[in-house]
Amino acid sequence: MLYDWLLVIHILAAILWIGGGVMLHLIFVRTRSAGDASTMARLLTNGEWLGKAFFGPISGVLLLAGIALVLKGPWQFNMVWVILGLVGFAASGLLGAVFLQTPATQLQSVLAEKGFDDPQVKALSDRVFLLSRIDFAILVLVVIDMTIKPWL
């Protein structure tokens, strides 16, 4: 029974994390194409807040529930699919915290100083867009890994 609840928590956390990321990315794409600097700046501010208040905590819940599932279930930490899941989790977290946060913060500053038409805004928004797509691809691969459990 505990295992089932841990699985529910793990799956719900994954849905919230990935779904939230996809929605934020889609809103970013739509806002970028509209060319509205003030809306983009608000979106970046909200994205920064969401990273700390939502994505960080929900990814922690996801990780803790996943670890508990391995400990409680018939799994082991040396299984390839578990290792791949942990590596993907770490890669996504590192990408978001280290590589995505910096250009998003820079983009917010440049938007405030120079406006939407500045070439640096396009370059930074292209970088944020690319990194968020890479993050999404990593998360999709982790979901595939967790679902089909290769090399089980």
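- Note: Trp17 and Phe89 meet the aromatic proximity criterion, with ring centroids under 6.0 Å apart.
- Using cut-offs of 30° and 60° for the angle between ring planes, the His25 and Phe129 rings count as parallel.
- Linking ILVMFWY residues whenever their side-chain heavy atoms come closer than 4.5 Å, directly or via other members, places Phe136 and Leu26 in the same cluster.
- Going from atom CG of Asp36 over to atom CZ of Arg30 covers 12.0 Å, rounded to the nearest 0.5 Å.
- A heavy-atom distance below 4.5 Å is found between the side chains of Leu43 and Leu24.
- Taking hydrophobic clusters as Ile, Leu, Val, Met, Phe, Trp and Tyr residues chained together by side-chain heavy-atom distances below 4.5 Å, Trp151 does not share a cluster with Leu69.
- At least one donor-acceptor pair closer than 3.5 Å links the side chain of Thr31 to the backbone N or O of Ile27.
- Using a 4.5 Å cut-off between side-chain heavy atoms of Ile, Leu, Val, Met, Phe, Trp and Tyr, with links allowed through other members, Trp49 and Phe28 fall into the same hydrophobic cluster.
- Side-chain contact between Val121 and Asp117 is absent, with no heavy atoms from C-beta onward closer than 4.5 Å.
- Between the side chain of Asn46 and the backbone N or O of Arg42, at least one donor-acceptor pair lies under 3.5 Å.
- Closest heavy-atom contact between Leu100 and Ser132: CD1-N, 4.2 Å.
- Closest non-hydrogen pair, Ile83 versus Phe77, comes out as CG1-O, 3.3 Å.
- The two atoms that bring Ala41 and Leu111 nearest to each other are N-CD1, 3.9 Å, heavy atoms only.
- When all heavy atoms of Val82 and Gln76 are compared, the closest pair comes out as CG2-O, 3.6 Å.
- Among Leu95, Val140, Ile18, Leu94, the one residue that satisfies the side-chain contact (heavy atoms from CB on, under 4.5 Å) test with Asp135 is Leu95.
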Step by step, would you call Lys122 with Asp126 a salt bridge (Lys or Arg N to Asp or Glu O under 4.0 Å)? CA-CA 6 Å; Lys122 179 170 178 6; Asp126 286 349; 2.9 Å; yes
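- If you chain together hydrophobic residues whose side chains sit under 4.5 Å apart, Val29 and Leu107 fall into the same group.
- In this structure, the separation between OG on Ser125 and CD on Gln120 is 11.0 Å, given to the nearest 0.5 Å.
- Taken to the nearest 0.5 Å, the CD1 atom of Ile144 stands 11.0 Å off from the CG atom of Leu139.
- Contact annotation: the side chain of Leu84 never approaches that of Val142 to less than 4.5 Å [non-hydrogen atoms, C-beta and beyond].
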Donor-acceptor contacts, no H, no angles, side chain residues 55-66, under 3.5 Å, sequence neighbours left out:
from  : atom 1 : to    : atom 2 : distance (Å)
Ser59 : OG     : Phe55 : O      : 3.0
Ser59 : OG     : Gly56 : O      : 2.8

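- Arg127 is linked by a side chain to side chain contact (heavy atoms under 4.5 Å, CB included) to Pro103, Leu131, counting only residues two or more places apart in sequence or in another chain.
- Looking at Val80 and Pro150, their side chains never come closer than 4.5 Å, going by heavy atoms from C-beta outward.
- For the pair Phe116/Ser38, no side-chain contact is recorded, criterion being any heavy-atom separation below 4.5 Å from C-beta on.
- His10 contributes atom NE2, which lies 7.5 Å from atom CG of Leu7 (distance to the nearest 0.5 angstrom).
- From Lys72, atom NZ reaches atom CG of Asp4 across 10.5 Å, with rounding to the nearest 0.5 Å.
- Between Trp81 and Ile148, every side-chain heavy-atom pair lies at or beyond the 4.5 Å cut-off.
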Before giving the answer on side chain to side chain donor-acceptor pair (under 3.5 Å), spell out for Thr105 and Glu48 the whole-Å C-alpha distance, their side-chain angles and the decisive distance to 0.1 Å. CA-CA 8 Å; Thr105 302; Glu48 183 179 3; 4.8 Å; no
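- Put simply, the side chain of Met40 reaches to within 4.5 Å of the side chain of Leu44, judged on heavy atoms.
- Under the 4.5 Å side-chain contact rule for hydrophobic residues, Leu6 and Ile11 share a cluster.
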